[in-house]
Amino acid sequence: MYNLKDPDQKTDNFTLMLPDSNLGAATAVFWFFRSLLTMPLNDERPASTSTTVSEDQSSDTECSDRCDSVTSSSDFECSRQSFNSGDSSNHSSPSSSPPKVTTLDGVMASARDLVNLSLAHEIIMNDSFHVEQPNLPQNSLEKKVKDIVHKAFWDCLESELNNDPPEYKHAIRLLQEIREVLLSFLNPGANRLRTQILEVLDLDLIRQQAENNAVDIQGLATYIISVMAKFCAPVRDDEVKKLKENLDNTVVMFKEIFRVLDLMKLDMVNFTIQILRPELQKQSVEYERAKFQSVVERTPNALDHTTAWIKASLEMLLAVPTASQSSGSAKGTPALPSPTQVFDTAYIQLLNWDHWKNVLPETLMTDEVRLRELQQRLQLLQTVASILLIVYSTIGGPISGLPGLADRLKKMASVLLEGMHSPEFDLPEALENVSVQICSELNKTLVGSSYPAILPEVQATLKGQICSILQENNPIHNLVEDRVRQYFKNFLTKPNSHLTPPPVPGGLAMIQPEIGVLGANFVSLVNFNKQVYSPFYMGILKDLLFSGMPQNSPQKTAVAPVDSQ
């Protein structure tokens, strides 16, 4: 087990049992870690360490060598080879040809792989990821059904124990579940404590005692609580101690024991996530690629949306000749865009992705929430930048040098437009409020700086321009949007842009800190996605270029490899 009171102790097995528990997320995390820890990568044993319970430190346990499977540029080297090699055995050239027949077992296996893939990706990308106790809405049908079922079970237990003589059918079932949970907290080397638990909670012996009305429920409960005290995190010490207060009421005692055990399971899962995150990050690329490959192999048309996404990017580049293509045409050998150009163009399209009309590429499903949040935050910043451009171009000199005004206007607009993507958000009314507040702030600042207030007709013009800012083909908003796209494109193409961001285009200086953070987050997401899925992307692009190439394009053209930042 993981000794929560000694974080330095680790294990190579995490076998958390969640029988009849409502902690579905914890169960999924458990199976994910089981698959991760047992999955060999690059012909090596999985990363692992081991420990024992304090009283069993001398037990015979095996230690596994740590596997340092760190992502390197070899992924991109393999991608380069995939364009000129037909060898399907290359591990970095995944097969995208789905089987002709899909079975129910295959669908269920793919679902499990997708759950594991999503969990792994979330743990890697989200440092604050953790599992929480489910909190059902008070009046929801699910909570009502759950409460009814639980009440019926506990009422039945109480009725059995109040019989003369008492019956222990349900009590023995609970003891069996408690025993399995306690055993699941042990590591493989804790032989002495495992033997002790099995001896004290010997179900056959307890059944024999029940037949003779000789079961010592309080004694068993006291032992269970003592074992829980050894395993619990320090934060649960007080709750475990309070369990002894309910020894006289068997039903309440069992309820509280299971409640605290559920909390201990969550502690165990979240502690394991924290400890294994560094190891998972080392294996993340190979792990996610392998899981996605298994889904592709079982699922027909598993890359249809990804193919359409890359194809749209390729067609966009072919429709607009670049300087290199023009010079190539003069020599009679037109050049195709490089994979880097195709993929970067495709990624940039995600900034304006319409999630209502188009499905995200399958390779980006695990980042859908992050992409939506980034897109919404970016659109808010674009709107704020457009408003500031209108204000400073309309008012001009009197406010250009006033300290702190731009920050106040930016904060004011951002607060009033927060949540603008919500369906119930009244955007026209919010823009009207923004225009009124900005005019009020401008007049207050100008008068305080010995300038005259803004003329009524100028205020009317300013309010009208702000209220129409999100109308289709608004020139100011389109200008800001184009410059933001160019800024993010520069972020993708500039080496080490996460360390030294590219210069901000004109008109975006007032939102430079915010847009710089979004650009770094976007590049981080894109680079990791490239590392995991570049073999799939290269295979799709190869098929598009050499199988479904437009009539006017050359049939064989050298294609530059994907560049790694």
Checklist entry - Counting only N and O atoms by type, is there a donor-acceptor contact under 3.5 Å from the side chain of Ser184 to the main-chain atoms of Val181? => result yes

Next on the checklist: Apply side chain to side chain contact (heavy atoms under 4.5 Å, CB included) to residues Phe488 and Ile515 and explain how you reach the verdict.
Outcome noted: CA-CA 9 Å; Phe488 273 71; Ile515 199 173; 3.9 Å; yes

Next on the checklist: If only side-chain N and O atoms count, and only distance matters, is there a donor-acceptor pair under 3.5 Å linking Thr363 with Tyr537?
Outcome noted: yes

Checklist entry - With side chains defined as the heavy atoms from C-beta onward, is the minimum distance between Thr222 and Lys244 less than 4.5 Å? => result no

Next on the checklist: When you measure from the side chain of Ser294 to the backbone of Lys291, do you find a donor-acceptor pair of N or O atoms at a distance under 3.5 Å?
Outcome noted: yes

Checklist outcome for this item: To the nearest 0.5 Å, atom CE of Met264 lies from atom SG of Cys232 at 5.5 Å

Checklist outcome for this item: Between Tyr533 and Glu288 the two heavy atoms that sit nearest each other are OH-OE1, 4.1 Å

Item to check | Working for side chain to side chain contact (heavy atoms under 4.5 Å, CB included), residues Leu417 and Leu427 | outcome: CA-CA 8 Å; Leu417 292 175; Leu427 187 55; 4.1 Å; yes

Next on the checklist: Please determine whether side chain to side chain contact (heavy atoms under 4.5 Å, CB included) holds for the pair Ile217 and Met253, giving the CA-CA distance in whole Å, both sets of side-chain angles, and the decisive distance to 0.1 Å.
Outcome noted: CA-CA 10 Å; Ile217 291 292; Met253 175 193 65; 3.8 Å; yes

Item to check | Leu183 side, atom CG; Arg179 side, atom CZ - distance, nearest 0.5 Å | outcome: 6.5 Å

Item to check | Smallest separation among heavy atoms of Asp367 and Arg370, with atom names | outcome: OD1-NE, 2.9 Å

Next on the checklist: Pairing donors with acceptors under 3.5 angstrom, does anything connect the side chains of Glu297 and Gln293?
Outcome noted: yes

Checklist outcome for this item: Rounded to the nearest 0.5 Å, the CD atom of Glu180 sits from the CD1 atom of Ile197 at a distance of 10.5 Å

Checklist entry - Can you tell me if Asp354 uses its side chain to pair, donor with acceptor, with the backbone of Trp356 under 3.5 Å? => result yes

Checklist entry - Can the ring centroids of Phe536 and Phe292 be said to lie less than 6.0 angstrom from one another? => result yes

Checklist entry - Mind checking whether Phe522 and Phe491 have ring centres under 6.0 Å apart? => result no

Next on the checklist: A side-chain contact here means heavy atoms from C-beta on lying under 4.5 Å apart; do Ile224 and Leu175 qualify?
Outcome noted: yes

Checklist entry - Run the salt bridge (Lys or Arg N to Asp or Glu O under 4.0 Å) check on Glu239 and Lys242 step by step: do they pass? => result CA-CA 5 Å; Glu239 294 189 76; Lys242 289 180 182 179; over 6 Å; no

Checklist entry - Which residue, Asp267, Val240, Leu193, Leu261, forms the side chain to side chain contact (heavy atoms under 4.5 Å, CB included) with Phe231? => result Leu193

Checklist entry - Any idea which heavy atoms bring Gln218 and Leu247 closest together, and the distance? => result NE2-O, 3.2 Å

Next on the checklist: If you apply the rule side chain to side chain contact (heavy atoms under 4.5 Å, CB included), what do you find for Glu286 with Val532, and how did you get there?
Outcome noted: CA-CA 7 Å; Glu286 289 287 351; Val532 175; over 6 Å; no

Checklist entry - Say you draw a straight line from NE2 of His305 to CG of Asn358; how long is it, rounded to the nearest 0.5 Å? => result 9.5 Å

Next on the checklist: Any heavy-atom pair between the side chains of Lys410 and Glu514 that's under 4.5 Å?
Outcome noted: yes

Checklist entry - Nearest heavy-atom pair of Asn301 and Glu362: which atoms, and what distance? => result O-OE2, 4.1 Å

Checklist outcome for this item: Here the salt bridge (Lys or Arg N to Asp or Glu O under 4.0 Å) pairs for residues 207-225, sequence neighbours left out, are Asp204-Arg207

Checklist entry - Does Lys530 offer a backbone N or O that forms a donor-acceptor pair with the side chain of Ser534 under 3.5 Å? => result yes

Checklist entry - Between Asp202 (side chain) and Leu198 (backbone), is there a donor-acceptor pair under 3.5 Å? => result no

Item to check | Lys/Arg-Asp/Glu bridge criterion (N-O < 4.0 Å) met for Glu160, Lys169 | outcome: no

Item to check | Heavy-atom side-chain contact between Lys255 and Trp154 under 4.5 Å | outcome: yes

Item to check | Rounded distance [0.5 Å steps], CG in Asn352 versus CD in Gln375 | outcome: 6.5 Å

Checklist entry - So, Asn162 side chain and Glu158 main chain: donor-acceptor pair closer than 3.5 Å or not? => result yes

Item to check | Cationic N near anionic O, under 4.0 Å, Arg259 to Asp262 | outcome: no

Checklist entry - Just checking, is any N or O donor in the side chain of Gln196 or Tyr223 under 3.5 Å from an acceptor N or O on the other one? => result yes

Next on the checklist: In the structure I gave you, are the side-chain heavy atoms of Val523 and Val526 within less than 4.5 Å of one another anywhere?
Outcome noted: no

Next on the checklist: If you take the centroid of each ring, where Trp contributes its six-membered ring, are Trp309 and Tyr347 closer together than 6.0 Å?
Outcome noted: yes

Could you tabulate the donor-acceptor pairs under 3.5 Å formed by side-chain atoms of residues 377-384, not counting sequence neighbours?
from, atom 1, to, atom 2, distance (Å)
Arg377, NH1, Glu418, OE1, 3.4
Gln379, OE1, His421, NE2, 2.7
Thr383, OG1, Gln379, O, 2.9

Next on the checklist: Does this structure show an ion pair linking Glu368 with Arg372, if we count only N-O contacts that are shorter than 4.0 Å?
Outcome noted: yes

Next on the checklist: Could you report the tightest heavy-atom contact between Arg173 and Phe153, atom names first, then the distance?
Outcome noted: NH1-CE1, 4.3 Å

Item to check | Side-chain donor/acceptor of Glu256 to backbone N/O of Leu243, under 3.5 Å | outcome: no

Checklist entry - Would you say the side-chain atoms of Arg289 pair up with the backbone N or O of Gln531, donor to acceptor, closer than 3.5 Å? => result yes

Next on the checklist: Contact between Leu351 and Leu371 at the side-chain level, heavy atoms closer than 4.5 Å - yes or no?
Outcome noted: no

Checklist entry - Under 3.5 Å, is there a donor-acceptor pair between the side chain of Asn249 and the main chain of Val252? => result yes

Next on the checklist: Between Asn213 (side chain only) and Gln209 (backbone N and O only), is there a donor and an acceptor less than 3.5 Å apart?
Outcome noted: no

Next on the checklist: Are the side chains of Leu174 and Phe258 in contact, using a 4.5 Å heavy-atom criterion?
Outcome noted: yes

Checklist outcome for this item: Note: Ala413 and Ile387 closest approach over all heavy atoms is CB-CD1, 4.4 Å

Item to check | Sub-4.5 Å side-chain heavy-atom contact between Leu360 and Leu350 | outcome: yes

Item to check | Atom pair CG (Leu416) and CD (Glu429), whose distance is rounded to the nearest 0.5 Å | outcome: 10.5 Å

Next on the checklist: Applying salt bridge (Lys or Arg N to Asp or Glu O under 4.0 Å), can you list everything that pairs with Asp304, at least two apart in sequence or on another chain?
Outcome noted: none

